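See structure below.
Quick note on labels: first sequence line is chain A, next is B, and so on, each numbered from 1. Just so it is clear, the model here is predicted, and its values are computed rather than measured.
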2 protein chains.
Amino acid sequence: MELKVVNDSRRAAYARGRMADFAARCRAAGLPVTPQRAAIIEALLRATDHPRAETICAEVRRRHPHVSLATVHRTLETLCRIGEARKVTTLHDSARYDGNLKPHHHVVCVRCRRIRDVEIAGLDTALGGAIRAPGFKPLGWSLEIQAVCDNCANSGERAGRSSETSGVGKTPHN
Amino acid sequence: MELKVVNDSRRAAYARGRMADFAARCRAAGLPVTPQRAAIIEALLRATDHPRAETICAEVRRRHPHVSLATVHRTLETLCRIGEARKVTTLHDSARYDGNLKPHHHVVCVRCRRIRDVEIAGLDTALGGAIRAPGFKPLGWSLEIQAVCDNCANSGERAGRSSETSGVGKTPHN
DNA sequence: TTCTCAGATGATAATTATTATCGTCCGGTA
DNA sequence: TACCGGACGATAATAATTATCATCTGAGAA
Ligand SMILES: [Mn+2]
Ligand SMILES: [Mn+2]
Ligand SMILES: [Zn+2]
Ligand SMILES: [Zn+2]
């Protein structure tokens, strides 16, 4: 299993491609194309470090000093909803603790935020030899499986917060 | 690669074992053994769903109605620091967004919270066939590698928040 | 082009989670 | 049993996010 840190040099081309049809994709999603939205996706695509709302806001304000931080928050969630961005941190709202010290991984229900332990035989052994990220000293790793639990699947209701749709797509990984 | 949801039935025995030497391990870490600490670790070990501070507080208050929520927060962080618990959510403090829609994973510096993209050839293919968690409909997954970046390793300073030590251990996974 | 309006934005208040402060209390040791 | 440093409870402060609401604007209709 080969690990490599993604090369920044390809980002520019990727970003340009994404910006090219951004307006069209907005309209396809039924959203007006506002200058704020364009500036925000542009800043997000330019960033290589998975920025927070406030960082993006600061970046956007260099050209559009009037934009509100609330708009940046709202827009980022909107971009996640229409699949133009994703949230790296699916469980950032409140800290969750674990008393189980044995190596294991987690499956998370994106609706009710239930978290259950899972063991994946062979994964840790396979990764153990492969994790050599240049520029970083690895300490450990954890796999999070995003899912919908049977409870939530049956009852159409949402027990969790608003972020069900953000960050997780249909395709493997997000 | 075989995935299985961890059986609850083994939890009771595990919890009993952990409680047995909890006092000793506290003293070994130089911490007084207070009734609050015992009650909190007990509640955490009893829980199977990776509770939040407030949930644990509610549970603890059934027997000790006087405990403060602040103490529960403090104690959970302390337990993480001495390795009696861990935080499932290493990046819960503020949301981080990603414009890169291509399947990839992340390496996170536990000090400055820098997040970089990594690609791990073969991982997604290997997991794709294996992810069948009973009770859950999987939507996707993501691997987070905890690490210390070279910047932080050199400068002994901490640029990030307090949670460097919590949640991540020396051993693979955490 | 001008008109119209649903929805977007900005300003700001409210909410939520967490951490800091500080006076009092107590576990551990002599 | 008396002492002391750290832990606790109460509460204030902070940080991130979300809600509210008056105003503005993108985009289709005329
Ligand atoms: Mn767990
Ligand atoms: Mn990424
Ligand atoms: Zn659920
Ligand atoms: Zn760092």
Open item on the list: Quick check for you: among D:dT17, C:dA8, C:dT18, whose closest atom lies nearest to any side-chain atom of A:S94?
Closed with: C:dT18

Open item on the list: Tell me the interatomic distance from B:L76, atom CG, to D:dA7, atom P, rounded to whole angstroms.
Closed with: 15 Å

- [ ] Can you figure out which of C:dG27, D:dA7, D:dC8 approaches the side chain of B:T75 most closely?
- [x] D:dC8

- [ ] Indicate, with a heavy-atom threshold strictly under 4.0 Å, whether A:A53 touches base, sugar-phosphate, or nothing.
- [x] nothing

Task: Whole angstrom value for the distance that separates P of C:dA8 from CG of A:L31 - done: 6 Å

Task: Value in whole Å for how far the C1' atom of C:dA17 lies from CZ of B:R52 - done: 8 Å

Task: Integer-rounded Å distance: D:dA15 C1' and A:E54 CD - done: 9 Å

TODO: Assign each of B:G30 and B:R61 to its nearest nucleotide of DNA chain D by heavy atoms, then name whichever residue's nucleotide is nearer the 5' end.
DONE: B:G30

TODO: Mind calculating the distance between CG (B:L69) and P (C:dT16) to the nearest angstrom?
DONE: 14 Å

TODO: State plainly whether one hydrophobic cluster holds both A:V33 and A:V72, where clusters connect Ile, Leu, Val, Met, Phe, Trp and Tyr through side-chain heavy atoms under 4.5 angstrom apart.
DONE: no

Open item on the list: Quick check for you: among C:dG28, D:dG26, D:dA7, whose closest atom lies nearest to any side-chain atom of B:R27?
Closed with: C:dG28

Task: Divergence of helical axes at both termini of the helix from C:dT1-D:dA30 to C:dA30-D:dT1 - five pairs an end, 10° steps - done: 30°

Open item on the list: Apply side-chain contact (heavy atoms from CB on, under 4.5 Å) to residues B:E42 and B:E59 and explain how you reach the verdict.
Closed with: CA-CA 10 Å; B:E42 196 181 310; B:E59 186 62 22; over 6 Å; no

Open item on the list: Which nucleotide wins on minimum distance to the side chain of A:R37, given the candidates C:dA8, C:dG28, D:dC8?
Closed with: C:dA8

- [ ] Give a yes/no on whether any side-chain N or O of B:H66 is located under 4.0 angstrom from OP1 or OP2 of D:dC8.
- [x] no

TODO: Examine the base of D:dG9 for any acceptor or donor lying under 3.5 Å from a partner atom in the side chain of B:R74, and report the outcome as yes or no.
DONE: yes

TODO: Nearest whole angstrom, please: distance from the C1' of C:dT16 to the NE2 of B:H73.
DONE: 10 Å

Open item on the list: For B:I56 and B:I40: C-alpha separation, side-chain torsions, deciding distance, then whether side-chain contact (heavy atoms from CB on, under 4.5 Å) applies.
Closed with: CA-CA 7 Å; B:I56 292 187; B:I40 288 165; 4.2 Å; yes

Open item on the list: What I'd like to find out is whether the side chain of B:L101 reaches to under 4.5 Å of the side chain of A:R18, using heavy atoms alone.
Closed with: yes

Open item on the list: Output the rounded distance in Å from CD (A:E77) to P (C:dT9).
Closed with: 14 Å

Task: Shortest side-chain distance from A:A70, nucleotide among C:dT9, D:dA16, D:dA19 - done: D:dA19

Open item on the list: With a 4.0 Å cut-off on N to O distance, would you call B:R86 and A:D98 a salt bridge?
Closed with: yes

Task: Euclidean distance, atom CZ of residue B:R81 to atom C1' of D:dA7 [Å, nearest integer] - done: 12 Å

Task: B:Y97-A:F22 co-clustered via ILVMFWY side chain contacts under 4.5 Å - done: yes

Open item on the list: Quick check on DNA chain C: between A:P32 and A:Y97, whose nearest nucleotide comes earlier from the 5' end?
Closed with: A:P32

- [ ] Consider the side chain of B:T71, meaning its heavy atoms from C-beta on, and name the nucleotide among C:dT9, D:dA19, D:dG9 that approaches it most closely.
- [x] D:dG9

Open item on the list: By nearest atom, which of the nucleotides C:dT19, D:dG9, D:dT17 is closest to the B:V67 side chain?
Closed with: D:dG9

TODO: Would you indicate which nucleotide in C:dA17, D:dA27, D:dG9 comes nearest to any side-chain atom of A:V33?
DONE: D:dA27

Open item on the list: It should be established whether B:Q36 places a side-chain nitrogen or oxygen under 4.0 Å from OP1 or OP2 of nucleotide D:dG9.
Closed with: yes

Open item on the list: Distance check, rounded to the nearest 0.5 Å: A:L143 atom CG versus A:I120 atom CD1?
Closed with: 5.0 Å

Open item on the list: Measuring from the side chain of B:S68 (C-beta onward, heavy atoms only), which nucleotide among D:dT18, D:dG9, D:dG6 has the closest atom?
Closed with: D:dG9

Open item on the list: Judged by each residue's nearest nucleotide on DNA chain D, which is more toward the 5′ side, B:R96 or B:V72?
Closed with: B:V72

Task: Check: B:L139 and A:V110 side chains under 4.5 Å, non-hydrogen atoms - done: yes

Task: Pairing of A:D117 and A:K102 as salt bridge, 4.0 angstrom limit - done: no

